[in-house]
Amino acid sequence: QVQLVESGGGLVQAGGSLRLSCAASGRTFSDYDMGWFRQAPGKEREFVAVISSQGYRTEYTDSVEGRFTISRGDAVNTVYLQMNNLEPEDTAIYFCAADPNTYLAQSAASYNYWGQGTQVTVSS
């Protein structure tokens, strides 16, 4: 089992920045691919970014490419999502997800472990 707890969400003006954190506990963190997903009101949960175990590879959805950066600190069992130049369309609940064998999957169904989410609101 892996337990995930997100933090760092909040209210920010368009063009601003936030850094989300996801603290993991339970199993060997470095063995897990870690993903970020988001869900806006009335919409399905969508992929945002993923980082491979050991941190060698990352992938992003097109709408955040160049603005968001995913990283991990295995020594502190934490994955981060640095979000710059935020837009009102980025408003959503952001979820951290983990699984040992996603092969950098962008489908939520590929992840077995989820956090409770943190709200990000971007005002125009």
Side-chain angles (χ1 to χ4, degrees):
Q1 290 289 336
V2 174
Q3 292 79 42
L4 304 172
V5 179
E6 302 95 335
S7 63
L11 174 63
V12 64
Q13 288 188 331
S17 298
L18 285 173
R19 189 175 83 153
L20 304 183
S21 298
C22 173
S25 61
R27 300 293 293 270
T28 306
F29 176 74
S30 60
D31 290 343
Y32 284 70
D33 295 340
M34 301 296 298
W36 284 98
F37 289 75
R38 65 188 181 186
Q39 188 166 17
K43 295 188 177 181
E44 294 187 354
R45 192 169 298 190
E46 66 170 354
F47 168 78
V48 176
V50 60
I51 186 167
S52 63
S53 61
Q54 313 296 329
Y56 294 129
R57 291 182 59 193
T58 59
E59 290 190 1
Y60 300 88
T61 192
D62 288 346
S63 64
V64 309
E65 185 82 53
R67 299 189 298 123
F68 290 11
T69 303
I70 188 171
S71 61
R72 62 190 298 157
D74 287 353
V76 291
N77 287 1
T78 302
V79 64
Y80 306 98
L81 186 68
Q82 178 67 43
M83 305 186 296
N84 297 328
N85 195 20
L86 283 160
E87 303 169 353
E89 294 73 22
D90 296 317
T91 295
I93 300 174
Y94 283 70
F95 297 90
C96 174
D99 207 87
N101 297 301
T102 73
Y103 302 102
L104 298 182
Q106 300 185 9
S107 167
S110 299
Y111 297 81
N112 285 308
Y113 304 102
W114 292 85
Q116 294 301 306
T118 185
Q119 176 71 47
V120 172
T121 303
V122 184
S123 62
S124 57

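Computed from a predicted model, the values in this text were never measured in an experiment.
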Inset, instruction - Decide yes or no for Gln119 and Thr91: does some side-chain heavy atom of the first lie under 4.5 Å from some side-chain heavy atom of the second? - result: yes
Legend entry - Residue pair Met34, Phe29: steps toward the side chain to side chain contact (heavy atoms under 4.5 Å, CB included) verdict: CA-CA 9 Å; Met34 301 296 298; Phe29 176 74; 3.7 Å; yes
Legend entry - Linked, directly or transitively: Phe95 and Phe68 (ILVMFWY side chains, under 4.5 Å): no
Legend entry - Considering all heavy atoms, the nearest Asn84-Ser17 contact: OD1-OG, 2.9 Å
Legend entry - Any donor-acceptor N/O pair, Ser110 side chain to Thr102 backbone, under 3.5 Å: no
Legend entry - Cluster overlap Phe37 with Ile70, hydrophobic side-chain contacts below 4.5 Å: no
Inset, instruction - Using distance alone, with no hydrogens and no angle criterion, decide if Asp31 and Ser53 have a side-chain donor and acceptor under 3.5 Å apart. - result: no
Inset, instruction - Give a yes or no answer on whether the side chain of Arg57 reaches the backbone of Ser52 with a donor-acceptor pair at less than 3.5 Å. - result: no
Inset, instruction - Say whether, by atom type as modelled, one donor and one acceptor occur between the side chain of Tyr111 and the main chain of Asp33 under 3.5 angstrom. - result: no
Legend entry - Distance-minimising heavy-atom pair for Val2 and Ala24: CG1-CB, 4.3 Å
Legend entry - Backbone N/O of Asn112 and side chain of Asp99: donor-acceptor pair under 3.5 Å: yes
Inset, instruction - Determine, step by step, whether Val64 and Met83 satisfy the side chain to side chain contact (heavy atoms under 4.5 Å, CB included) criterion, reporting the C-alpha distance in whole Å, the side-chain angles of both residues, the deciding distance to 0.1 Å, and the verdict. - result: CA-CA 8 Å; Val64 309; Met83 305 186 296; over 6 Å; no
Inset, instruction - Heavy atoms only: give me the nearest Asp74-Ser30 pair and the separation to one decimal. - result: OD2-CB, 3.3 Å
Inset, instruction - Look at the side-chain heavy atoms of Ile, Leu, Val, Met, Phe, Trp and Tyr, link any pair under 4.5 Å apart, and say whether Leu20 and Ile93 land in one connected group. - result: no
Legend entry - Main-chain N/O of Gln116 paired to Glu6 side chain as donor or acceptor, under 3.5 Å: yes
Inset, instruction - Might you work through the side chain to side chain contact (heavy atoms under 4.5 Å, CB included) test for Thr61 and Gln106, ending with a clear yes or no? - result: CA-CA 9 Å; Thr61 192; Gln106 300 185 9; 5.8 Å; no
Legend entry - Test applied, side-chain contact (heavy atoms from CB on, under 4.5 Å); reference residue, Tyr80; option that passes from Cys96, Ser71, Cys22: Ser71
Legend entry - Shortest non-hydrogen contact from Ile51 toward Thr58: CG1-CG2, 3.7 Å
Inset, instruction - Say whether Tyr113 and Phe47 are linked into one hydrophobic cluster, either directly or through other cluster members, by side-chain heavy-atom distances under 4.5 angstrom. - result: no
Legend entry - Minimal non-hydrogen separation, Ser21 against Trp36, with atom names: O-CH2, 3.8 Å
Legend entry - Same apolar cluster: Val50 and Val79, side chain cutoff 4.5 Å: no
Legend entry - Spatial distance of atom CG (Asp90) from atom OG1 (Thr121) [nearest 0.5 Å]: 11.0 Å
Legend entry - Least distance between heavy atoms, Tyr32 atom then Ala98 atom: CD2-CB, 4.0 Å
Inset, instruction - In sequence, state the C-alpha distance, the side-chain angles, and the governing distance for Leu81 and Arg38, and then conclude on side chain to side chain contact (heavy atoms under 4.5 Å, CB included). - result: CA-CA 12 Å; Leu81 186 68; Arg38 65 188 181 186; over 6 Å; no
Inset, instruction - Report yes if some heavy atom in the side chain of Arg45 is under 4.5 Å from a heavy atom in the side chain of Trp114; otherwise report no. - result: yes
Inset, instruction - State the OG-CD distance between Ser124 and Gln13, to the nearest 0.5 angstrom. - result: 9.5 Å
